[in-house]
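Written out below as C-alpha cells is the structure these notes cover.
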Amino acid sequence: MRRDFKSNRYWAPWVLTLILLLGAGLVGPGAQAAEDVVIGVMTPLTGPYSFEASTQVHCAQLAVEQINAAGGVLGGRKIKLVVEDTMLKPGIGVNKARKLIERDKVKFLTGGVSSAVTLAISNLAVQYKVVHLGIGGSNALTNKKCNRYHINLDTAAYQMATGTGVIVVDQLKLPKEWFCITADYTWGHTCFDSVKRFLESRKGKVVGNVFSPLGTKDFSPYLTKALAAKAPVLCGIVYGGDQVRFLKQVEEFGLKDKMKIVVPAGDVTISKAAGPDAVAGVYVGLPWYWDIPNQTTQAFSKAYFARFNEYPSWAGVQVYDSIKVLAEAIEEVGSLDTGKIIKALEGKKFQTSKGPEQIRACDHRAIQDYYVGIGKSAKEMKNSWDMLKIVGSTGGEQIMIPCAQTGCKMGAY
Amino acid sequence: MEAVFLPTILTQLLNGLVIGMTLVLLALGLSIIFGMLRVINFAHGALYTMGAYAAVFLISFGANFWMALVFGALATAVLGALIERVCVRPLYGKGEILPLLLTFALSMIFTELVLMIWGPMGYDFSTPEVLKGFVNLGFVRYPAYRLFLIIFTAVLCLCLWLFLERSRLGLLIRAGTEDIDMARALGVKVRNLFTMVFAIGAGLAGLAGVMAAPLTSVSPYMGMDVLIQAFVVVTVGGMGSFRGAIWAGIIIGELMALAVLIWPPISHVSIFAFMALVLLLKPEGFFGKQ
C-alpha cells in the first residue's frame with residue numbers, strides 16, 4: 001500500500017502526538033536538579049515593555065552569575081533562573097506563575113513592569129506562601145492590596161510623584177500649577193492622586209487633568225486641551241510607548257516654548273526611543289539611571305555595559321537588587337523557609353546598585369533615593385545613551401506615604 | 001468639564017483628519033485587496049509596521065526621509081506581491097477562512113522578524129528637516145508635518161482615483177472587483193492583476209507606516225491597533241468601496257479626536273459603537289454592495 005504523504009490522515013496523528021507532548025511539557029525543560037534554588041522571573045518579554053523586560057532578564061542573569069561565582073547559597077547551592085513571558089497580561093502571568101509554583105515547586109518569584117500583572121501574581125504568591133519580589137509602581141500594590149509575601153523594591157507612585165515634586169518644586173523652584181495628562185490605569189491614577197496631594201501640600205494645584213487610554217497613539221487632542229489650559233507646567237503621567245509618543249508630540253506642537261514639561265516616571269529606554277529632540281529640556285523623574293553621580297552606580301553600570309553592551313532600565317536593576325537581597329536573606333535564615341525569609345526581609349537594610357536601601361516592614365516598599373534628570377540636547381550627548389543630566393535627588397521615608405496611611409494590613413506568615 | 005472653545009474644536013478637527021488620513025490609506029489597501037481577491041488581509045497591520053522599519057533600515061544608511069518614504073512603500077509593495085504569489089495564490093477557490101488564517105499567521109511572523117532584527121525597543125524617527133516647525137493658521141500654530149500628511153494623502157487618493165478611473169489598468173482592476181469571472185472570461189490575465197492589486201494594497205499600508213512614523217515613533221507592535229481601526233473603517237465604509245474607505249476613514253478619525261473633547265475614555269470605544277450602529281442600519285456599509 002502506497003502511503004499518501006499529502007493526506008492529512010497520514011500526518012494528523014503525528015502532529016497530534018507532538019502537540020500533546022509539547023503541551024505536557026515533556027519535550028521541554030525537565031525537572032530541575034535537586035540542589036539548585038530556582039527563582040522565577042515573570043516579565044513582559046512580549047509587548048510594549050519588552051525592552052525593560054529583557055533588561056530584567058539580563059540583570060537577573062548578572063545577579064545570579066555573581067552570587068553563584070561567590071559560592072551560591074546555603075553552602076554551595078547554585079541559583080537557577082526560569083524566565084516566563086507574562087505578555088503584559090495578568091491572566092497569562094498568573095497561569096505561568098501557577099505552573100511554576102505547582103508543577104516546578106518554585107518558591108521565589110521576581111520581575112514585572114506592569115502593576116496590574118504584578119498585583120495578580122502577588123495574590124497567587126500569598127496563597128502558596130511563595131516569596132514574590134515583584135516590581136510595579138502602583139500605590140495599590142502596597143496599600144490595601146498589600147500582602148505578607150509580596151516585597152516590592154520599586155518606588156511606589158507616591159514616591160515617584162513626591163520625589164519628583166520635591167526636586168522640581170522645592171529644589172528647582174518650578175511653578176506649582178500643573179496640567180496633567182494621565183494614563184488611564186491603576187498606576188496612572190495613583191500617581192496622579194499623589195501628584196495632586198503633593199502640589200496641594202505646597203499650596204499649588206492641578207489646573208486640569210485628562211486621562212488617556214493606555215496605548216494612546218495620538219496625544220494631539222490631549223495636548224490641545226493642555227494648551228488651552230495655559231498652565232505653566234505640563235505633567236505627563238504616562239510610561240513606555242505612551243511616554244515616547246507624548247514626548248515626541250509635545251516637541252511637535254512646540255509646547256516646550258510655553259510650558260515646562262515634567263515626567264514623574266521615565267527611563268533611559270523611553271528617552272532613547274523618543275530621541276534627543278523630544279527629551280531635551282524635559283524633567284524626567286526616575287529611581288535609577290546609569291549615570292547617577294555616585295561610585296556604586298558608576299561601577300555597576302560599567303560592569304553591566306561590559307557584559308551586555310547596553311545600559312539597563314531601572315526595572316532591570318530592581319530585579320538585580322531583588323535577587324541579591326533575597327540571596328542575603330536566604331543566607332541569614334539558613335534555609336528555604338519562605339515565612340522566615342519574609343521576616344528577614346522586613347526591615348532589612350541592604351546595599352543596592354545605587355546605595356543603601358531598607359525594606360519597610362509596614363508595607364514592604366524600599367526606602368530609597370529618587371532622582372530627576374533634564375534631557376540633554378543632541379549636541380550635549382557624549383554617546384547614544386547619554387540622554388539625561390541628573391540635576392537633583394531626594395529620598396528616604398519623607399517621600400513615602402506614611403505607614404499609618406497605607407491601609408495595609410498583612411496576613412500571617 | 002471645562003468650556004470648549006472654537007480654536008480647540010478646530011484644532012481637534014485637524015487632529016482628527018491626521019488620524020483619519022492614515023486610516024484612509026490602510027482602509028483603501030484593505031478594500032481593494034478584499035474587493036478583488038476576496039481576501040481579508042490580516043497581515044495589513046504588519047505591512048504597515050514593515051514599511052516603517054524598511055524606512056528605518058534605509059535611514060540607517062544615511063538616506064533622507066523622502067528616499068525612505070519611497071523605499072518603504074516600494075519594499076512593502078514587493079513584499080505584498082511575494083505574499084500573494086507564494087502564500088495566497090494556492091488558496092484561491094478554497095473559501096475565505098484559509099486566507100484569513102494565513103494572513104493572520106503572516107502578521108505574527110513579520111512581527112517576530114521585526115523583533116528579532118531590530119529588537120523590542122522602539123526607534124526614534126525624525127520629522128524631515130524641511131517640515132519641522134509650524135504653520136500659523138490663526139486659531140493655532142499647527143505642526144507643518146501634520147499638514148503635510150493631510151495634503152499628501154489627499155493628493156495620493158486623488159492620484160489613485162485617477163489611476164482607477166482613467167487608466168486601462170485601473171479599468172481592469174475595477175472590472176475584476178465587480179465580477180472576476182466575467183473579467184476572466186473576457187480574456188483578462190487575472191492572476192497578474194491579483195498580484196498587482198495585493199502589491200498596491202500592501203504598498204499603501206507601508207506608505208502609511210512611514211508617514212505615521214515621525215508622529216508615533218516605530219515599534220514592533222505599531223501596526224496592531226491601527227489594523228483594528230482600519231477594519232472598523234472598512235466595515236463602516238463598505239468592504240471593496242473606494243469612496244467608502246475615504247469617507248469612513250475621515251469620519252472615524254474625527255470621531256476619535258472629537259470624542260476626546262467630550263470624555264477621553266470613550267474615544268477608542270466610540271468607533272466600535274458607531275460601527276455597531278452602522279451595521280444595524282446599513283449592514284453593507286455606507287457605500288458597500290450587498
Side-chain angles (χ1 to χ4, degrees), chain A residues 44-55 88 181-182 184 207-225 227-229 240-245 247-249 251-255 257-258 268-279 310 313 378 384, chain B residues 1-5 7-16 18-19 22 111-112 115 119-127 131-134 140-146 212-222 224-226 229 253 256-261 263-269:
Chain A
L45 290 164
T46 307
Y49 296 153
S50 46
F51 183 81
E52 284 88 334
S54 69
T55 66
L88 211 63
I181 297 180
T182 305
D184 200 0
V207 164
N209 177 47
V210 274
F211 286 109
S212 64
L214 194 58
T216 297
K217 292 282 183 309
D218 198 334
F219 281 91
S220 49
Y222 308 98
L223 297 176
T224 312
K225 278 189 144 181
L227 263 172
D242 290 11
Q243 193 182 107
V244 172
R245 290 182 286 267
L247 290 171
K248 288 199 74 159
Q249 288 165 23
E251 167 69 15
E252 234 196 298
F253 277 86
L255 286 174
D257 299 341
K258 303 199 167 71
V268 68
T269 62
I270 299 174
S271 303
K272 279 197 85 177
D277 288 344
V279 181
E310 65 183 23
S313 141
S384 69
Chain B
M1 190 180 76
E2 60 267 24
V4 180
F5 306 101
T8 313
I9 300 184
L10 286 175
T11 313
Q12 218 65 305
L13 284 174
L14 272 178
N15 292 335
V18 172
I19 301 174
T22 313
T111 310
E112 285 301 310
L115 269 170
M121 211 160 94
Y123 275 84
D124 171 33
F125 199 101
S126 310
T127 320
L131 287 172
K132 287 188 183 177
F134 317 90
V140 74
R141 279 189 335 161
Y142 205 68
Y145 183 77
R146 286 174 183 250
L215 294 178
T216 62
S217 172
V218 281
S219 76
Y221 299 98
M222 63 191 280
M224 294 310 157
D225 286 338
V226 273
Q229 291 160 8
M256 284 172 59
L258 292 171
V260 170
L261 284 179
W263 192 37
I266 64 166
S267 88
H268 281 208
V269 174

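Computed from a predicted structure; not experimentally measured. In what follows, chains carry the letters A, B, and so on, assigned in the order in which the sequence lines appear, proteins first and then strands, with residues in each chain numbered from 1.
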Just so I know, are the side chains of [X] and [Y] near enough to count as touching, which here means a heavy-atom distance under 4.5 Å?
X	Y	answer
B:Thr8	A:Leu227	no
A:Asp257	B:Arg141	yes
A:Phe219	A:Asp242	yes
B:Asp225	A:Lys217	yes
B:Tyr221	A:Thr46	yes

Side chains of A:Tyr222 and B:Asn15 only: does a donor on one sit below 3.5 Å from an acceptor on the other? no
Checking [X] against chain B: side chain, backbone, both or neither under 4.5 Å from a heavy atom?
X	result
A:Ala228	side chain
A:Gln249	side chain
A:Phe253	both

Of all of B:Met222, B:Arg146, B:Gln12, which one pairs up most often with chain A through heavy atoms under 4.5 Å apart? B:Arg146
Looking at every heavy atom in both B:Leu131 and B:Ala144, which two are closest together, and how far apart are they? O-CB, 3.4 Å
Under 4.5 Å from any heavy atom of chain A, what part of [X] do you find: side chain, backbone, both or neither?
X	value
B:Thr216	both
B:Pro214	backbone
B:Tyr142	side chain

Chain B shares the most heavy-atom pairs under 4.5 Å, among A:Gly275, A:Ser220, A:Pro213, A:Ala274, with A:Ser220
Determine the option with the most heavy-atom pairs under 4.5 angstrom with chain B, choosing from A:Asp184, A:Thr216, A:Thr269. A:Thr269
